[in-house]
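In what follows, a single structure is set out as structure tokens and then discussed.
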Amino acid sequence: MPHSVSPDTGSSGDHDLPDANPQSSHSTPTIRAGESPEEAEKSSTALEDMFDDDDDDLDDLSSSMAASQEPQSVQAISGAQSARFSDPEIMRAFYQRLFPFRYLFQWLNHSPSPSTDFGHREFAFTLPNDAYLRYQSFPSSDLLRKQCIQMLPSRFEVGPVYSTNPRDRKTLRKSSAFRPLNKELVFDIDMTDYDEIRTCCTGANICHRCWAFITMAIKVIDTALREDFGFKHILWVYSGRRGAHAWVCDKRARELDDSKRRAVAGYLELLKGGDSSGKKVNLKRPLHPHIERSLRILRNHFSDILETQDPWLEDDRAAHLLSLLPDRDLVAALRKRWDSAPGRRSGSKWADIDALAEARVSEHLDSKALLEAKIDIVLEYTYPRLDAEVSKKLNHLLKSPFCVHPGTGRVCVPIDVQKVEEFDPLEVPTVTQLLDDIDQWDHDKMDGVDGEGTGEKKIQDWEKTRLKPYVEQFRNFVSELLKDERAIKRERDDADPMEF
Amino acid sequence: MIRQDFNRIDAKRRSNLDPKKKQFAQPAFQHHDYQHRLNFYVLPPTAEITLEEFEEWAINRLKVLSELESCTFRNRTPDETASYMAPILSKYLALHSNSSRSSMLQEERKQDHYSHFILRLAFSSTEDLRRRFSRLESMLFRLRWKEDDARERREFVDSLDLRWEKVGDEEKRELASELAAVTYKTRQSDDDGWFKVEWEQVPELVESRRVLLKRGVAYVPAREQMSLVMAEFTRRLDAAMELTARALPRLDEDDRLTPILKHLSASFISPASTYDSNSALPGTLQPHANNIPQLAQHFPACMGQLQTRLARDHHLKHFARLQYTLFLKGIGLSLQDCIVFWRRSFSLMTDEKFEKEYKYNIRHVYGDVGGDSNRRGKGYSAYSCQKILTEPLPSAGQAHGCPYRTFSIDNLLESLRSMGVHDREVLKTIREDVGRQRYHIACNRVFEYQHKAELDGKPGQEIPGLKETIVHPNDYFKKSFLLKHWGDKEVREGADAGGPLKMEE
């Protein structure tokens with residue numbers, strides 16, 4: 001095993017946290033917190049047995065996966081790999097050496113010295129046995145890290161800041177003294193909501209073609225949040241498999257109550273009605289400036305969607321398209337044409353609408369109504385589909401950035417919204433790749449320098465891997481946020497007449 | 001050396017500090033002068049009133065509020081509500097405008113003012129009552145606002161001193177096209193006034209996109225002013241109620257007022273939209289995991305369509321599951337049977353996934369797990385029509401809600417036909433009902449059509465409450481079930497014993 005619990009080179013995992021107690025990390029470099037030496041011994045001797053077990057798990061897992069996602073798409077991660085990602089040794093090495101706890105702390109704490117913003121924040125752990133542990137809280141990033149290494153959660157979620165420490169909630173005399181105060185405004189875009197319009201994959205699978213939906217959604221939501229609501233600090237994070245999360249971290253956003261969160265979600269939500277409601281986009285004209293602008297963004301993507309997704313290839317899907325069009329004669333003419341040419345591409349079908357309308361198949365065609373219907377269709381097939389419930393509640397938990405997705409092994413890395421087009425979910429590093437990167441780097445270093453250069457500034461483990469650009473991006477985001485927080489604080493202090 | 005003399009009073013204050021005089025002095029409050037018809041109820045009343053007045057005024061206002069609430073239960077439109085409420089208001093809580101020159105003006109306004117504060121005391125004790133009171137008071141305020149004279153309304157708003165920034169002409173011109181789009185007008189007319197506020201002040205308007213947003217600032221058209229004022233009214237009232245609740249314990253010693261207040265809040269009962277979930281069907285007809293599909297013929301459309309979808313997709317999303325599970329719980333399906341039912345219905349799912357992701361929710365609904373209050377309260381109670389109709393519309397992929405409201409009309413008629421409603425006349429009136437948003441009327445029409453034979457026939461006439469409008473899906477089921485099985489002796493006896501038909505009024 002290349003990634004053992006105790007890296008035998010001098011560059012052990014602890015130094016990526018400068019504020020960690022140096023003594024403990026140097027004197028006992030081979031034993032991690034919460035693990036006795038005997039246990040460590042056992043775990044290394046029992047490696048063989050453990051892998052036998054894993055093989056059994058693996059069979060179960062792959063069969064259950066096959067049951068839930070019938071057609072295996074090209075990119076589906078095979079069962080063998082996915083069992084490896086939740087391997088405790090790998091998770092331990094990941095939390096120990098790679099997870100950027102320090103920046104996570106700064107991000108949630110909003111100031112360099114520990115405050116209640118971090119200390120009263122709820123974390124929820126999903127343990128390897130799928131137990132779910134809520135109301136965890138930590139005074140500092142070290143303690144969070146320590147518990148992660150101890151419990152090896154397959155992922156953990158971030159919740160709101162409470163009025164008191166979540167761990168003390170049961171000791172309070174009045175339950176009303178324990179209530180959520182603030183949390184980032186969050187959004188969740190999930191591919192499952194697109195299942196009725198995407199044709200390339202279903203369920204948990206994604207490919208480049210359907211990722212285009214997420215890219216469009218990020219653009220539209222991000223623009224609206226910035227231009228309309230005036231938010232500045234928006235962190236987009238890949239959810240590890242088939243979606244993206246947004247964390248709006250501005251102070252103003254964090255302090256919104258439920259009704260205001262609902263208002264933002266409602267403002268951004270466009271597609272209404274369940275599956276039986278027929279037409280999902282019903283808008284008054286002229287369009288609201290937000291819709292108008294979103295349409296400008298989305299229009300360019302619409303033809304791509306027609307090309308790559310071919311959403312109306314099948315008859316029943318084409319029938320849905322017809323049900324959205326206004327004129328009865330036009331619809332009949334279209335149906336006739338498409339029935340006679342099975343397998344006609346969606347792009348051609350879309351062009352047919354205008355062609356037939358101009359050929360005057362219908363006597364009293366309302367061209368304005370047709371145009372409006374067409375715009376509604378563009379919106380139905382491109383406008384972001386939010387999982388709005390996530391955004392509406394102050395106390396909703398959301399998976400932390402930089403967690404490992406247990407199914408794919410991919411790290412939930414931030415997405416640079418400036419270069420959202422370039423983001424490729426299938427290129428996101430998996431936890432095993434990252435650990436290989438470290439080994440590779442150490443290996444190269446050994447060969448090249450032969451033990452020299454140890455006196456220089458120590459290089460942290462994440463810098464040795466392809467996680468580096470993502471962590472740096474997160475670091476920059478956090479430092480921008482902190483800069484603004486400091487400004488707000490200074491303003492408040494200046495306004496205070498007690499201060500001279 | 002400075003000699004300190006604590007008995008010495010500052011020369012300027014001396015004159016008004018005669019303790020002997022102070023002790024027996026009447027507390028002097030500024031006399032309330034009611035300039036405007038509308039009132040934000042900022043200052044509490046200070047004058048003395050008799051106990052009789054105290055009770056009478058409170059009861060009058062309470063009558064008005066409960067009538068108002070029943071209007072929402074009956075889904076009356078704002079116009080219908082206004083016309084229905086007009087005589088009630090003039091009888092119990094008349095408020096004339098300044099222009100009417102009524103001699104009773106001040107007296108009426110005083111009554112309005114005092115009764116509001118009395119009810120505030122009565123309804124501040126629990127969260128539930130507070131929310132209801134604030135909702136109804138806001139409705140009442142809205143009603144009065146609408147019928148108020150435009151000029152007097154403006155004077156009232158000016159007196160409130162709300163900090164709204166007016167949008168200047170230049171800015172208006174710059175944003176002309178966008179502003180016009182917000183009001184759904186093709187052209188911006190110059191005399192339209194606009195306000196600028198932080199968007200957090202007008203969440204309702206933001207949610208429905210009725211304002212223009214620019215970098216966190218909401219541009220509100222002047223005619224949405226009502227919504228701004230309403231938001232402010234509700235906000236202040238909620239805050240004040242919170243304070244009242246905290247001050248309430250100090251009132252405990254007053255043995256004249258406390259009984260009156262207790263009585264007032266106790267008589268503010270909710271109308272018949274509650275449902276007794278304990279009532280199960282008798283013995284052999286008890287629902288269990290296997291007979292739900294057979295019972296589904298008695299389900300109202302909102303539940304029937306869920307069963308249809310469940311059978312088709314072998315899955316339902318969260319809110320649909322919640323709505324359906326609560327209904328099943330309401331018709332008397334036991335927790336064990338309910339879990340078996342869902343496990344079987346989700347036939348494509350592995351046991352492990354079901355155990356992990358779904359079972360807990362079902363148990364939570366039944367109050368088997370969860371926090372102390374959830375367990376003690378035996379979980380949640382079944383959704384009424386009111387609840388289902390006021391929830392946000394389902395989004396893509398979701399199936400919950402009332403089909404009369406969420407389905408497109410063609411899909412609705414299609415599914416009604418599959419329920420056996422073929423009569424053209426009936427379908428036509430249903431189409432009209434739905435068009436006028438009278439969803440529960442449409443639902444009741446379907447019920448009447450389906451049970452025409454039984455309703456006209458002799459047996460079953462003695463079912464209590466049969467002629468009343470159905471406002472709860474479980475009520476629908478029970479009536480439907482009893483009508484079909486009235487011949488069954490066991491059922492009849494169960495009903496007579498107050499079993500299945502015991503309704504909380």
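Every chain is numbered from 1, with letters handed out A, B, ... down the list of sequences.
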Just give me the residue among [options] that pairs up with chain B most often, heavy atom to heavy atom, under 4.5 Å.
{"options": "Gly266(A), Pro289(A), Gly230(A)", "answer": "Pro289(A)"}
{"options": "His290(A), Arg252(A), Arg262(A)", "answer": "Arg252(A)"}
{"options": "Leu386(A), Ile291(A), Asp257(A)", "answer": "Ile291(A)"}

**Study point:** Pi-cation contact, Tyr194(A) with Arg385(A) (under 6.0 Å, within 45°)
**Key:**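 Here Arg385(A) passes the 6.0 Å and 45° test against Tyr194(A).
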
**Study point:** Flag side-chain contact, heavy atom, 4.5 Å: Glu184(A) against His233(A)
**Key:**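 Heavy-atom side-chain distance check fails, nothing below 4.5 Å.
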
Review point. Which residue out of Glu204(B), Lys214(B), Arg215(B), Arg405(B) racks up the most heavy-atom pairs below 4.5 Å with chain A?
Key: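 Most heavy-atom pairs within the cutoff with chain A belong to Arg215(B).
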
Check your understanding: Under the side chain to side chain donor-acceptor pair (under 3.5 Å) criterion, do Tyr219(B) and Glu171(B) qualify, and how do the steps go?
Key -> CA-CA 11 Å; Tyr219(B) 291 75; Glu171(B) 200 173 1; 2.6 Å; yes

Review point. Does any heavy atom of chain B fall under 4.5 Å from the side chain of Tyr132(A), the backbone, both, or neither of them?
Key: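 Neither part.
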
Exercise for review: Please flag which part of Glu292(A) lies under 4.5 Å from any non-hydrogen atom of chain B: side chain, backbone, both or neither.
Suggested key: neither

Practice item. Please check if the side chain of Arg198(A) supplies one atom and the backbone of Asp195(A) the other of a donor-acceptor pair under 3.5 Å. Key: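 Answer holds: no.
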
Check your understanding: Side chain, backbone, both or neither: which part of Glu414(B) has a non-hydrogen atom closer than 4.5 Å to chain A?
Key -> neither

Review point. Should we say atom NZ of Lys232(A) is surrounded by more than 12 heavy atoms from elsewhere, each under 6.0 Å from it?
Key: no

Point to revise | Among Arg343(B), His315(B), Arg363(B), side-chain contact (heavy atoms from CB on, under 4.5 Å) partner for Tyr358(B) | key: His315(B)

